[in-house]
Structures are given as structure tokens and as C-alpha cells.
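Taking it in order: structure first as C-alpha cells, then the write-up.
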Amino acid sequence: MSQHNEDYEKSELYRIRHSASHVMAEAVIEMFPDARVAIGPAIEDGFYYDFDLPRSLTPEDLEVIENRMKELIKSKENFVCQEVSADDARKLFKDQPYKLELIDGLEHGNLDEDGNPTQDKQKISIYTSGNFVDLCRGPHVETTGQINPTAIKLLNVAGAYWRGDEKRPMLQRIYGTAWESKDQLKEYLWKLEEAKKRDHRKLGKELDLFSSNDEVGQGLILWHPNGGMIRYQVERYWDEQHIRNGYDLVYTPHIGKASLWETSGHLGFYKENMYSPIQIEEQEYYIKPMNCPFHLHIYKSQLRSYRDLPLRFAEKGTVYRYERSGVLHGLLRVRGFTQDDAHHFCRPDQMPDEIDFTLNFSMNMLRAFGFTDFQAYLSTKPEKSVGEDIMWHDAEVALEETLKRMGVPYEVDAGGGAFYGPKIDLKVKDALGREWQLSTIQFDFNEPERFDLSYIGEDGKEHRPYMVHRALLGSMERFFGVLIEHYAGAFPVWLSPKQVTMIPIADRHNDYAHEVAARLKKAGLRVIVDDSSDRMNAKIRNAQKQKVPYMLVIGDREMEEGQVALRRRSGENPGPMSVEAFLELALREIEEKI
RNA sequence: GCCGGCGUAGCUCAAUGGUAGAGCAACCGCCUUGUAAGUGGUAGGUUAUGGGUUCGAUUCCCAUCGUCGGCUCCA
């Protein structure tokens, strides 16, 4: 657990939220005396409580519950903590099966509230506030009076499995938020509103970037011309950077024979995510869920010398994975996507440098897209794994040393690695401070073995190379979604699908506007001329709504002087300048990726 | 997949158990305009799809598809 989380759990705000969840439970039980209660912790930005209720809750119910909560808070109920024996607790909660299950876990001293194993035998404590008694380890505020009734709000109801297990009952979870002051609540709600405005699904429609379609199928993305241009620019930059940094670009097919996926192990451990096979002349082929087996075969296509290493094969490889319908989400979770994938093959002695390089390259790539705040997660050897301990150890050390050298803040997820190797996941913070996981750098001790990879060492003998799998942007789809939200659709000039809108004031300016547009296009700018019969004001409004970075207004004055009048989408209005001056300005800003 | 909500014109949204309406966009005109919507008109819907209840369904019920908020899972 991170320092950040520990601090939060000790904070006043944490106690307020945790207490608010109890008050909410009290209000819900008043409304539904037969309610069965599960758990109700404080979470980031708020709290929730899970209930088993006789009927589904409606938004109106939430309003009633919230109002009742405010009354309960005003009555200043005290939170009283009491330690009890397991048997007493069982008597107290005899009608509450979820609580009884929790008590069993606590009594046997190996499961905490969330069902996670713990070392210590747990004490059993209950908290009483008003008419509500809850099995709870606290901490709470002393009295509900410490909760600010103007700083709480119930947000939504959602289904949640008991203990997160889909085989167990589905409960109703009410989410709420609580703060110390009304202003903090307001600020939080503003942030939620702002996030809604930036939602890539909304902007995707408004800016005509992408869509999906019933008839095409869920989770399959259609990139429209505007989105396509952005993708092209991202990919072009990506290609250049990879070529400059020692990568070889490779291309591989979308399907491969069943035996390939048997060798790679995917049919063993990844089959649930793969689509049904296609029959081709008595042979079964699978659509690829990953690119690695193909890259491994490129490696194997010739005898490799230790002098050849490291080798880096990069591909924007399109893969298809079965995802359960309920998890699909805009561009962020889809069924067909293009990974910006690469596989590195290196000698053991090159490994630390190779990790340094990869992390550094990854962060540089992301910085070009305006992401400067990184948080890393190091996942280490799980219980079930393949590969020798020494390899795991060396790789984990190398990963951690790299993080330290680079000064990237990181958390260790002990035992959180895949069975085939440890990894670093890199998250970036966007303009609203939200974290998104993009890059992943993973060791693979499985496939080199399965494909029997080797290189000839200095000693003339065969050796097994280390293999690292990495994606920097993650996938083009997810990255695009994050980019849209990060920039709120106002992409920097180099990425903007349309960079310039020419705005002739009257019809007599159209020809000149087209002439200038032709010059700008020749210089590489993406320009459109709005020669519609709209008035200038309407043209500006349309260009603003499309978040076009430069608007060039053309009237009599500009035409006579051979100039253009620049207006930026920021509202800034530098005014008339020569076409050359504008061109210079625009090209400079494109170069600087502003 | 599961729990709950939603699906009406290209978009945003009204309305009703008795032949569906607005704004924007589109199209055709008029206006020729100086930094965020000039103006008149025209056209556009088997109310997601398939069943059922009903004299009558877009409205009520069921299923399917899609979508939204979550759970679980993940690039």
C-alpha cells in the first residue's frame, strides 16, 4: 500500500466518509427494515454501502435517503465503539447473513472485511450510531455532527457482487461523496461535470472523430476522417521515433494456425479471450489476440549471434480479444484494437540497460503528447509462475533499479506479476489529474522457452535470450480516448485534424481565401475554406466548436494588403499579418508540438 | 456475463393507450456581412428489432440488439 493511501486512511476526511456511509445505511434501514447490509467503506472521493434490498432503488429513493441522512446528521448521533466476542457479535447480527460471514472470517483470524488474508487475528468491534449498529473496525468521527450536511451527496446506484464474486449474490451499491466543506463538494461536482464535458464518447461524436455501429458490432471502432488524421499523425511520430531508436518495424498477419497458439501457450492460458477458430482447408486458424508469437518466429527465422542483440521488433499490431459485453467502454475498452507493440530480445548482461532504455523511451514518447506526470507500478513474481527463480530475481531487480535511476515514483505490487514474468505498468496523469494506464513493460520467461529461442554466444554455445514485451501507448484506441479527454478535444496543432479554417467575410473574398488556402496546403497545413453563405460570426462559431486552432479572417483589408487576420481558438486575436508570417508561426508551433 | 437505467428525424431533446413535435444540421432562396448563431421556405421518423396484450401500441408486457452507471476483468 502506498504512503498516499496510508495518509488518507488516517485523515479526518476518511473518517467523515466512512461515517457518512454508516449514516446512509441507517437511513436505508429505516426505509427498508428488512434490508440486509454488506459492507460500506470510504473510497477515493467518497464512500459506498452495499445492500440486499427487496426492490431496486430509484433516483427518487436516493433523494429521500440523502435528505434523511441530513436529518440524522443534524441530530448529532454519537459513534460508540465496543469490542465484542464473536459469539456476541453473532447474536447481534443474527438476521444479517453477510455480517455473519464477515464475523466468521474475523474470528478465524485470516480474513479481513474485504475477504483478504491477514496475519493478525482480528479483534471484533462494533460501532453504534443512533439506531444503527454495524460490525466495523472504524475509525469514525465522534459524532455525526462532524459531518457537514451541506457537503454530502449521493451519486448513483449500481449492482455489485457480494465480495466481488460473480458467483455470489448481486447487491445494490449506493455511491456517495462527502467533503469537509460545501465548497469542496462544489469543486468535486464541478470536476465531475468537467469530466463529462471531456468524455471522449461525447467529443468523438461532436468532433466527428470515430463511431461504433450496431450492425458492425460492439467494441469495434470506426475511425472517421478526423480521427484517422490524428491517428496518422500519432503513428507517423511513433514510427519515426522507433526507427531512430534502434527498432525494426515488422508486419504480421491477423490469423495464425492453431498449432502456433498451442506452442505459444495461448490456447492453454488465454483461450477465454480468443475468438472461435476459422476452418481453412482442414486447418484451424485463430484471429490473433497478441502479436508475440509472430515476432518470435521472425526472431527464429535465422540464427542469431550475441553480436546481433539487442533486437527490437516493433509493430502496430491489430488484435482481437473477446471481452464480456458489459465491460466495453467507448475507446477505452474494445474488442478489436491496435497495440503499439514491440518485443526486445537481449543478452542477460544487456538487460539492465535495455530496461533503462525502454522506460526512458516510453516516457519520452508520452511527453510528446503532453503527459508529464508519471506513476509506475512494479509487479513481482506470483505464486504460480514459470521460469527460474534467478531470472525472476534478476529481472525484478533490474526493473526496480531502473525506476530508482529514473526517479519515477512507484509502488510495488508484490505477487502481482503475470505467471510468465514481472512487469512495470506506467500510468500518466491527465489535465484533470486522472490516472490512465498506458505503458506496460513485461518480461516473458515463457515464450522464449516454448519457441526454443536462442542465440550463439561468444563461447560458441547456444544461449536463451531475455525477452521483453512492451506497449508504450498501450493501444491506439485507448490512447486516442485518453488523448481526447486530456486535451478536451482541443488537440495541439500538430495533431489537429483541421489546422486552419479560412473565413472569408463576403463572397468577394472567397477566391482570395482559396488562393491563400492553396499556399498553406502546399506548405503542409491542413486547411479548409468556409465559403458557405453563413455570416462571419457563424463561421467563427462553427470553427470554434470544431476546436480548429487557427481561424484566418479575410475581408477587404486583408485582400488589399495580401494579409490574413489570425484568430486563435483560445479567443486570442493577434490580428492581421502577412501570409508568410502566419505560415512561419504555424510551422513553428507544429514543430514545437504546441 | 451479472444488477439497474435508457433507445423517438443526422444531432440535442419534447409528447401521448387513439394518425409523432421543436431547435440545430441538411437542401432551396434572400442578405454580402469585421471576431461565437442574419433571414424565409422545403424536406426528413414503420418511435432500435421481433413477438404479445388491446378495437387500437410509439406508449403496457416479453425477448433480442445496442447503449449508459457499476461489479468482475483488462491494452
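Labels below follow one simple rule: chain letters A, B, ... track the order of the sequence lines, proteins then strands, and each chain is numbered from 1.
Within 4.0 Å (heavy atoms only), A:N156 reaches sugar-phosphate atoms of the nucleic acid but no base atom. Backbone-only contact: A:A538 has heavy atoms under 4.0 Å from sugar-phosphate atoms and none from a base. A:A543 comes within 4.0 angstrom of nothing in the nucleic acid, heavy atoms only.
Aromatic stacking is marked for A:F337 over B:A75, as both cut-offs hold: 5.5 Å for the centres and 30° for the planes.
Pairing partner, B:U8: none, since no Watson-Crick or wobble contact has both distances short of 3.5 Å. Across all strands shown, nothing is found opposite B:A36 as a Watson-Crick or G-U wobble partner with both distances under 3.5 Å.
Atom CZ in A:R163 sits about 20 Å away from atom C1' in B:C73, given to the nearest Å. Atom P of nucleotide B:G70 and atom CD1 of A:I39 are separated by 18 Å, given to the nearest angstrom. Atoms CZ (A:F269) and C1' (B:C74) sit 15 Å apart, rounded to a whole Å. Rounded to a whole Å, the NZ atom of A:K167 is 14 Å from the P atom of B:U72. Atom-to-atom, CG of A:L62 to C1' of B:G70 comes out at 13 Å; the value is rounded to the nearest Å. The CG atom of A:D556 sits 10 Å away from the C1' atom of B:U33 (whole-angstrom rounding). As rounded to whole Å, 9 Å separates atom C1' of B:A36 from atom CG of A:N542. Atom CD in A:E477 sits about 14 Å away from atom P in B:A75, given to the nearest Å.
When the nucleotides B:C71, B:A36, B:A75 are ranked by their closest atom to the side chain of A:R333, B:A75 comes out on top. Closest to the A:V334 side chain, of the nucleotides B:G66, B:A75, B:C73, is B:A75. Closest to the side chain of A:R201, from the set B:U67, B:C68, B:A37, is B:C68. When each of B:C2, B:U33, B:A37 is scored by its nearest atom to the side-chain atoms of A:A506, the top-ranked nucleotide is B:U33. Comparing atom distances between the A:V553 side chain and each of B:G34, B:G4, B:G1 picks out B:G34 as nearest. Of the candidates B:A36, B:C30, B:C73, B:C30 carries the atom nearest the A:S533 side chain, counting heavy atoms from C-beta on. Of the candidates B:U35, B:U67, B:G69, B:U35 carries the atom nearest the A:M536 side chain, counting heavy atoms from C-beta on. When the nucleotides B:C3, B:C74, B:C71 are ranked by their closest atom to the side chain of A:R321, B:C74 comes out on top.
Under the 6.0 Å cut-off for aromatic ring centres, A:F361 and A:Y247 qualify, their centroids lying closer than that. With ring centers used as reference points, A:Y550 lies under 6.0 Å from A:F582.
Considering only side-chain N and O atoms, A:R535 lies nowhere under 4.0 angstrom from the phosphate OP1 or OP2 of B:U39. Within the structure, a side-chain polar atom (N or O) of A:Q218 is placed less than 4.0 Å from OP1 or OP2 of B:U67. Within the 4.0 Å cut-off from OP1 or OP2 of B:G69, at least one side-chain nitrogen or oxygen of A:H329 is found. Side-chain N/O atoms of A:T440 include none lying less than 4.0 angstrom from OP1 or OP2 on B:A75. OP1 or OP2 of B:C71 has at least one side-chain nitrogen or oxygen of A:Y175 nearer than 4.0 Å. OP1 or OP2 of B:U12 lies within a sub-4.0 Å distance of a side-chain N or O belonging to A:K205.
Across the P atoms, B:U35 and B:C28 are found 29 Å apart, a figure rounded to whole Å. Taking atom P on both nucleotides, B:G5 is separated from B:C62 by 10 Å, rounded to a whole Å. Here, B:U47 and B:U16 have their C1' atoms 12 Å apart, quoted to the whole Å. Taking the C1' atoms as reference points, B:A26 lies 12 Å from B:C11, given to the whole Å. Straight-line distance between the C1' atoms of B:G50 and B:A57: roughly 15 Å, to the nearest whole Å. Taking atom P on both B:U59 and B:A63, the two are 15 Å apart, rounded to the nearest angstrom. The separation of B:U12 from B:G69, taken at their P atoms, amounts to 15 Å, rounded to a whole angstrom. Comparing the P positions of B:U58 and B:G18 gives an interatomic distance of 11 Å, to the nearest angstrom.
A donor-acceptor contact under 3.5 angstrom links the side-chain atoms of A:R324 to the base of B:U72. Counting atom types as modelled, A:R173 pairs no side-chain N or O with a base atom of B:C71 as donor and acceptor under 3.5 Å. A:D507 contributes a side-chain N or O that forms a donor-acceptor pair with the base of B:U32 under 3.5 Å. No hydrogens or angles were tested; on distance alone, a donor-acceptor pair under 3.5 Å links the side chain of A:Y161 to the base of B:G1. Applying the 3.5 Å distance criterion, the base of B:G34 shares a donor-acceptor pair with the side chain of A:E558. You'll find a donor-acceptor pair under 3.5 Å spanning the side chain of A:R567 and the base of B:A36, going by distance alone. Scanning atom types as modelled, one donor and one acceptor separated by under 3.5 angstrom connect the side chain of A:R478 and the base of B:C74.
A salt bridge between A:R163 and A:D165 is absent, with no side-chain N of the basic residue lying under 4.0 Å from a carboxylate O of the acidic one. Of the charged side-chain nitrogens involved, none lies within less than 4.0 Å of a carboxylate oxygen, so that A:E561 and A:R557 do not count as a salt-bridged pair. Using a 4.0 Å cut-off between charged nitrogen and carboxylate oxygen, A:E194 and A:K191 do not count as a salt-bridge pair.
Below 30°, between 30° and 60°, or above 60°: for A:Y420 and A:F269 the angle between ring planes is between 30° and 60°, a tilted geometry.
For A:R231, the CZ atom counts as densely surrounded, since its 6.0 Å shell holds more than 12 non-hydrogen atoms of other residues, nucleotides or ligands.
For the residue pair A:E315 / A:T252, a side-chain donor-acceptor distance below 3.5 Å is found, with atom types taken as modelled. For the residue pair A:N510 / A:D531, no side-chain donor-acceptor distance below 3.5 Å is found, with atom types taken as modelled.
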